[in-house]
Each structure stands twice: as structure tokens, then as C-alpha cells.
Amino acid sequence: MFSAHNFKNNSEKLYLLWFGIPVLLYQVLISRILSQIFGSLFFIQLFLIAVAYLGTSLGSYYADRWKFTLSKSHLTLVVLNLGLLGFYLNDAALLSAPKLSLVAGFLLFFLISFFSALLLPLFFLNQSKLEQTTTAVFNRVYFYFHLLVVVALVWVELDLIASLGLTQILIALTLFEVLWSIFWWLQERTHQSYQSPIPTTSISTLEFADKKLLLILFAFSVISGILQSILYRQVQTTLAPLAFHYTLYLAALLLSWAASSLWFQTRWGYQWLQWKSFKSKSALLIFALLVWTQTWPVIWTWGLDVLKLSTFNGAALNSAVTSENTPYIIFLIRSVFTLGLIFPFGFFFGSLLPLVKKENEKLSLGIYLSVNSLGNALGILFFIAVLFEAIGIFQLWALMGLLCLIFAVRTVKWRTLTSALIVTMGAISWGLLKTYSWDLGSFNMRGFEQWYHYSREVSKVQTFKHNSSQVNFVEFAGKYSLMFMNGHTSVFLPHQEPIPLIDTLMGLTPLAYVNNFNQSLVIGMGTGATALGSELLFAHTDIVDLDPTMLQVAGSLKFVAQRLLNNPKVTFTEADGLTFLRTTKKKYDLIYNNVPSPVYFAAAKLWSREALQAVSDALNDDGIFAQWLDGEISPVALDSLIRSSEDLFSHCDLYLLNIEFYSLVCSKGEKPLQFKSYPGSLAKLMQTQPAVFSDFLQALRFPAVPMKAHDPEVPINTLDQPLMDVLVSQNPPGWLHNARKDSVALRFKLKDTVTGPTAGPKCSRILGWIYNRHFVESPGDCAELF
């Protein structure tokens with residue numbers, strides 16, 4: 001058994017290895033679980049953060065009032081972990097009642113957050129009984145466990161989820177909870193003082209000065225919650241809408257809190273940053289953060305251009321970027337952006353709790369944590385429910401600064417000075433918004449010169465919002481538009497064309513193989529153009545999309561809207577594609593996976609073994625499956641996809657849709673593809689004649705591509721071990737302008753089929769389409785495309 005002295009020195013160090021990590025890990029894991037079952041958008045991820053704050057708020061408050069111990073708290077978490085594990089392993093059965101199951105999932109996470117929140121106040125109570133100063137212990141613990149959480153989060157997302165799987169990680173977390181429950185039970189038996197009743201504290205019994213202090217803390221916490229939501233949107237929009245960036249955002253936020261905890265461990269921490277000064281200058285500081293958040297992407301992209309120049313033209317760094325270590329460089333760049341954006345904000349609001357706690361040592365830590373967490377939760381919920389739809393980021397920042405100005409600045413002198421500086425910084429920020437278009441999203445913001453150049457040409461922006469998801473049509477010089485889905489470049493829209501031709505072409509490629517034209521299914525609406533061909537030929541077409549924003553997008557394209565919306569032959573369902581496949585009773589003659597790559601949130605699940613099996617089960621025996629293939633997909637991910645579809649879709653033809661974009665058309669099971677002919681009635685959609693249309697598609701067709709993985713040891717991509725998701729997280733396509741290699745062309749040796757004396761007409765038609773969007777021969781060498 002430990003002596004009291006050893007307990008003081010060892011229990012705290014041991015507990016730092018555990019405390020705080022579970023909730024954040026559960027937050028990431030449950031986000032993945034819920035997104036795999038029900039879909040994934042910003043809404044679910046932000047709502048999870050709010051639920052975590054709500055659970056923490058109530059748990060921290062009742063830790064002062066319940067006669068709970070650390071051992072009982074950990075034991076309760078063991079039970080909840082087992083419930084979560086059972087919830088995950090029975091996800092298919094839960095889909096029979098999706099809304100009830102979704103509520104159950106959030107409730108389960110709320111309870112995990114609640115009982116985890118009991119741990120910190122109880123731990124500090126133990127420390128105070130051992131004559132440890134609560135505030136000093138608070139800052140020391142917060143610093144170390146935040147650092148550990150950051151390491152754990154990134155490690156889990158970039159490695160452990162793919163290598164171990166969600167199930168094994170959950171089992172490991174449960175075992176650790178068992179060990180900690182036993183550890184604290186032994187300590188409680190040894191130190192009987194730990195079993196004494198916890199003194200209860202109620203907000204209703206507090207004195208006026210204490211309530212006023214908590215009210216200020218609550219007001220700042222609400223603002224913090226709103227700004228956390230804004231910054232998360234900016235991280236996703238700037239970097240790319242990857243599921244991994246949810247974790248990276250949380251890690252950066254925790255790291256900034258760790259820095260504020262470290263600051264207050266120093267002897268000058270409370271001297272140089274005092275509560276009264278913090279409060280009185282808050283309006284100015286928040287507006288300084290406004291300018292920083294608008295300025296930092298400019299600095300970051302400029303620095304990134306310098307890095308690219310040095311990396312690829314400078315001898316010193318040229319050798320550093322190889323196919324082996326490029327993912328680490330990309331991870332470093334993304335981390336620098338996220339931390340640089342969030343650190344000033346996180347440090348500012350992370351200082352709230354230590355400063356307020358210092359103001360009144362008598363109030364329990366549970367009360368402070370409760371008020372702070374509740375304010376953060378309400379701020380996030382307010383953003384989701386109201387502010388995202390109603391207001392822009394700049395106006396929202398201005399509102400926050402105004403509120404702080406009214407709330408915190410009391411003297412005429414400081415009001416005048418602060419107001420003048422706010423106007424100045426606001427003008428700077430507004431100038432940045434005008435100079436650089438934040439609507440351009442992640443693709444163009446990876447290069448300073450490119451971002452500046454495209455910003456000069458932006459002539460019109462059309463925005464669609466719903467449920468914290470956003471789609472922008474950005475028009476350039478009145479000539480063409482690009483569609484950005486949550487910041488990620490999606491579809492090219494030339495003004496002279498009534499429909500997006502690439503999307504339309506994707507929908508046409510499998511129609512020459514279909515035997516019966518009864519039921520078709522399109523997973524992922526996109527612009528709606530992919531469904532135009534099936535709408536013409538099939539008796540009925542189902543379109544499934546998780547994001548109802550896409551209905552607004554389709555409605556803005558007149559030709560698509562006329563053909564699809566209010567059409568009795570077409571049904572739109574707002575649902576996750578995988579969930580729909582696993583619950584539908586229909587049998588389809590044709591199914592499209594219309595999501596172009598596994599970049600979008602948890603879209604990699606549509607390339608998982610479970611999703612491919614669900615597609616196979618939903619197809620008739622002679623059914624056809626068509627899916628996009630992105631040429632920037634890594635060779636390992638492509639092998640994983642092929643392995644995941646073994647025995648489900650083994651006979652496939654490939655079509656070249658655009659540079660590095662393909663349509664893979666497959667028959668179900670071991671049945672060979674039966675090519676018939678392209679229906680001539682579809683030629684009008686591509687604005688050409690039936691004979692030209694048929695010759696054109698034949699030129700784009702590469703028949704009977706080999707569906708065998710080069711590396712049979714590559715893991716299958718599953719929901720439990722999402723290899724493709726992790727591979728994209730490690731090295732997202734297009735970063736650093738790294739040497740572009742078309743993995744699909746290399747994998748299927750397409751270059752060999754478009755060279756030589758017999759490949760001339762095929763090559764000419766491909767070049768005519770790719771470069772001119774015409775269905776005529778164009779001289780040139782197709783080898784440059786691959």
C-alpha cells in the first residue's frame with residue numbers, strides 16, 4: 001500500500017495517464033460510430049461536442065452533491081463502455097428504428113461524459129485533503145493530460161483505427177476503466193478519509209458576488225462555444241472536409257488549453273494576466289482574434305508557397321519530400337494551420353477557468369466546470385440552430401466583439417479607445433475579406449498566388465446552407481463556375497452548358513449493360529445530373545443523399561430541376577447511403593455510388609466491405625453497379641477496394657470521364673458483363689447524335705479491366721478498420737502539388753491501350769473530349785493523360 005506521501009507523488013502522475021483521455025477518445029469513436037450508422041455531417045460532429053459539454057456540466061455540478069467515489073465512477077464507466085460496445089456491434093439491428101437509435105447513441109455518450117466529469121472534481125477533492133492547493137493542482141493536471149490527449153487523439157486517427165479497429169480500441173478502454181476502478185477502490189480502503197461525505201454546494205445558496213462571477217464566466221463561455229463552432233468550420237473549409245480534421249481541431253483546442261494551464265503554473269502567470277484586466281480588455285482582444293483568424297490563412301498560404309518553392313527547387317529540402325515521408329510533411333502543414341488559427345483563441349478562453357478560480361478559492365471546482373461547460377454547450381447549440389443559417393462569420397465576430405464591449409468595458413476612456421481600435425481592426429479584416437475570397441475553399445487556398453489570382457476573378461457567389469452544411473457556386477469572370485461542397489472543390493460548371501457534362505456522363509456509362517429498366521438507385525445526388533440518364537429509361541429512380549442542401553443545388557440548375565424535381569418517376573430520400581442500402585426492401589437493376597472519392601467526411605464507408613455487400617444484396621441477380629474512381633486514390637487504397645469487392649464485383653469495365661476521373665461499371669458476382677448498346681435516346685443529354693454518342697463512349701471505354709489486387713496482403717476496408725479513410729487522412733489528394741500520378745491508369749495499364757498504330761481514333765476522341773468537350777477527333781498523344 002502507498003503511504004500518504006507516496007500517494008501524493010504517485011497517484012497524480014498515474015492518473016495523468018488516464019484522466020481526460022477517455023471522453024475525447026469516446027467523442028472521436030462515437031462520432032465515427034454514429035456517422036457509419038446514420039451519416040456524418042458538421043451537424044453531428046458539432047452536436048457531439050455540445051453533448052459532451054452538457055454531460056460535463058451536469059457531471060461536474062453533481063460531483064459536489066453525490067456521495068460518489070472515484071472507484072464507483074470508473075465502475076459505472078465500465079458498464080457504459082460495455083453498453084457502447086454492444087450498441088456498435090449491433091448497429092445493423094439498430095437501423096430498424098434509426099431515430100430512436102440515434103437518440104440512444106447521443107444519450108449513451110451523454111452518460112459517458114457525465115460520469116467522466118465526476119472524476120476531476122473527486123480527484124481534486126482527494127488532493128485537497130492531502131493538503132494540495134486546488135488551483136496549483138488544477139493547472140498542473142490540465143497541462144499534462146491535455147498533452148497526452150493530443151498525442152492519443154492523433155495516434156488513434158492516423159494509425160490505431162486502421163490497425164486495431166474500433167472494437168478492440170473500445171475493449172482496451174473498458175479494461176483500463178476496470179483497472180482504475182480497482183486502483184481507487186484499494187486507495188479508498190487505505191485512506192478512509194476519502195470515504196467522507198462530499199460537502200454539497202448549490203448555486204442557489206451562493207452570495208451575490210459569487211453569482212456575479214459565475215454569470216460573467218457563463219457569458220464568456222457562451223461566446224467561446226460560438227467561436228469554437230466558427231473555427232471548426234474554418235478548419236474544415238480550409239484544409240478539406242476530412243473526418244480526421246475533426247480530431248485535429250479537438251487536438252489543437254486542447255493544446256491551446258494546455259498552454260494556458262502551463263502559463264498559470266509559472267510564478268508570473270497570475271501577475272501578468274489578471275482577471276480584471278482580462279475582463280476589461282476582452283472586447284479588444286476578441287476583435288484582435290477576428291483580425292487574426294482572417295489574416296492567418298493569408299500568412300499560412302504564403303508560407304506554404306515558400307515551402308513548395310524551397311521543397312521542389314531548393315537542394316536542401318528537395319530530398320526531404322519523398323513518397324515515404326510526404327504524409328508527415330502534409331500532417332505538419334495541416335497541424336501548423338490548425339494550431340496557428342486556434343491557439344490565440346484557445347489560450348484566451350482557456351485562461352477563463354484558472355482566472356475565475358483564482359478569484360474565489362472557496363467555491364468548488366465542480367461549480368466552475370459546470371458553468372463553463374454549460375456555456376460552451378449552449379453557444380455551440382445556438383450556432384447550429386440559428387447563427388449558421390442566419391449570419392456570416394465576419395458579422396458574427398463583430399456581434400461578439402460588440403457584446404463584450406458593452407459587457408466588459410466600464411470607463412468612457414476605455415470605451416472610446418476600444419471602439420476606435422475595433423473600427424480599425426474591423427476595416428483591416430473587411431479588406432482581407434474583399435481581397436481574398438473565403439468562398440474558394442480548400443483547393444485554391446493551398447497556394448497564395450493561386451488564391452489571390454482566383455479571388456480577382458470571382459464575379460458572383462451563390463450559397464446554399466442547411467444543417468451546418470454549405471455549398472457554394474463561385475462564378476469566375478462570368479465565364480464558368482466551380483461548385484464547392486463544404487470548402488472542397490467539386491464540379492466544374494461551364495456557363496454555355498445547361499448541365500454538368502461530367503456528372504451526366506457518369507450516369508450514362510452503365511446503361512449499355514442493364515437488362516431491365518425497372519428500378520435504379522443513385523447514392524449521392526451531387527448536382528442531380530448523374531440521375532438524368534436513368535430518369536429517361538427507368539420506370540423509377542431513387543436518389544439518396546444525406547444532405548438536403550443538394551436539393552437546393554439541383555433546384556438552381558434549371559434543366560436538372562425540370563427533369564427531376566416534382567417528377568413522379570423520381571423519389572428523393574434524405575438519408576445516409578449505407579443506412580438506406582442496409583434497410584431497403586427493394587431490388588434494383590442499377591445502383592450508382594455517386595460519391596467521387598473517399599475524401600468527404602466518412603465517405604470511405606461507401607467503399608467498405610459492408611457497403612459493397614449491401615449494394616450486392618440490393619441488386620437483382622443481373623444487376624449492375626457503377627462507381628466513381630478518383631485517379632488520385634493511392635495504390636494501397638485501390639488494392640484495398642479491389643480486395644473488398646472480391647467475389648462481389650469481379651467483372652468490370654472502366655470509362656475515362658475526365659483527367660483522373662473514371663467510372664467503374666461492374667456486374668454482380670461472378671457473372672460476366674453483357675455489353676449491349678448505348679440507348680440512342682440518351683445522345684441529346686450530351687448534345688450530339690446517336691452514332692457520334694456511341695462512338696464517343698466506346699472510345700472512353702476500357703473493357704474487362706483486371707479486378708485482382710497487386711498486393712494480396714493489403715487489408716480489406718471495413719467499417720471497424722477503415723483503412724481507406726486513414727490513408728486519405730494521412731495523405732489527402734492534391735497537397736503540396738506533389739507529383740500527380742494517376743493510380744487508376746497505372747493500375748489498369750491504360751497507357752498501353754491508347755498507344756500504337758491501332759489506337760489512333762480512340763486516342764483522338766479521348767483528347768477531343770478531355771480538352772475541348774467536343775465529340776470529334778483531336779490530334780495528339782494520349783500518353784500524356786496517363
Side-chain angles (χ1 to χ4, degrees), residues 24 42 45-46 49-50 53 142-143 146 149-150 216-239 245-264 273 277-279 281-300 334-356 372-373 375-380 382-383 387-388 392-405 407-408 421-422 425-426 428-429 432-433 438:
L24 273 299
F42 288 114
Q45 294 170 332
L46 283 174
I49 298 174
Y53 275 129
Y142 254 49
F143 171 68
H146 280 150
V149 170
V150 168
I216 297 172
L217 174 62
F218 176 76
F220 273 114
S221 299
V222 171
I223 295 173
S224 172
I226 294 172
L227 300 186
Q228 284 178 53
S229 305
I230 293 173
L231 293 177
Y232 177 51
R233 287 287 316 182
Q234 194 164 350
V235 167
Q236 291 279 23
T237 299
T238 303
L239 298 184
H245 291 134
Y246 175 64
T247 301
L248 190 60
Y249 160 81
L250 291 175
L253 195 62
L254 291 176
L255 204 56
S256 63
W257 291 345
S260 64
S261 300
L262 180 63
W263 170 266
F264 289 110
L273 184 59
S277 176
F278 176 95
K279 187 177 65 170
K281 297 178 176 61
S282 60
L284 184 60
L285 288 170
I286 286 181
F287 255 82
L289 291 176
L290 159 66
V291 178
W292 175 254
T293 58
Q294 304 300 330
T295 305
W296 174 242
V298 180
I299 299 172
W300 177 76
R334 291 184 292 172
S335 299
V336 167
F337 172 79
T338 307
L339 189 60
L341 177 70
I342 291 175
F343 183 86
F345 156 83
F347 186 89
F348 176 80
F349 285 99
S351 301
L352 267 175
L353 207 55
L355 285 173
V356 174
N372 185 40
S373 298
N376 278 282
L378 293 181
I380 292 172
F382 186 54
F383 176 85
L387 294 178
F388 176 77
I393 289 178
F394 178 81
Q395 293 90 338
L396 193 53
W397 271 108
L399 177 63
M400 294 300 100
L402 181 62
L403 289 176
C404 287
L405 178 66
F407 181 76
L421 290 172
I422 283 175
M425 290 191 292
I428 295 172
S429 184
L432 285 169
L433 286 168
W438 265 255

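Counting from 1, the numbers follow the sequence of the chain as shown. Quick note: numbers below take in every heavy atom, side chains included, and nothing from hydrogens, waters or symmetry partners.
Every residue two or more places apart in sequence or in another chain that forms a side chain to side chain contact (heavy atoms under 4.5 Å, CB included) with Phe382 is listed here: Ile226, Val386, Leu387.
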Given the rule in the side chain to side chain contact (heavy atoms under 4.5 Å, CB included) test, do Gln294 and Trp438 qualify, once you have shown the distances and angles that lead to the verdict? CA-CA 9 Å; Gln294 304 300 330; Trp438 265 255; 3.5 Å; yes

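Counted by atom type alone, Gln228 and Tyr53 present one or more donor-acceptor pairs between their side chains at under 3.5 Å.
With rounding to the nearest 0.5 Å, the separation of OG in Ser277 from CG in Leu285 is 8.0 Å. Remark: Ile49 CD1 to Leu250 CG distance equals 5.0 Å, nearest 0.5 Å.
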Donor-acceptor contacts under 3.5 Å from residues 337-353 side chains, at least two apart:
| unit_1 | atom_1 | unit_2 | atom_2 | d |
| --- | --- | --- | --- | --- |
| Thr338 | OG1 | Arg334 | O | 2.9 |
| Ser351 | OG | Phe347 | O | 2.7 |

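Between Phe220 and Phe278, a ring centre-to-centre spacing shorter than 6.0 Å is recorded.
For the pair Leu432/Val298, a side-chain contact is recorded, criterion being any heavy-atom separation below 4.5 Å from C-beta on. Between Val356 and Ile216 there is no side-chain heavy-atom pair separated by less than 4.5 Å. Using a 4.5 Å heavy-atom cutoff, the side chains of Gln234 and Thr237 are not in contact.
The minimum heavy-atom distance between Arg233 and Phe383, with the atom names listed, is CG-CZ, 4.1 Å. Nearest heavy atom pair, residue Ile380 against residue Ala50, reads CG2-CB, 3.9 Å. Here the closest non-hydrogen pair linking Ser260 and Trp257 is OG-O, 2.7 Å.
Between the side chain of Thr293 and the backbone N or O of Leu289, at least one donor-acceptor pair lies under 3.5 Å.
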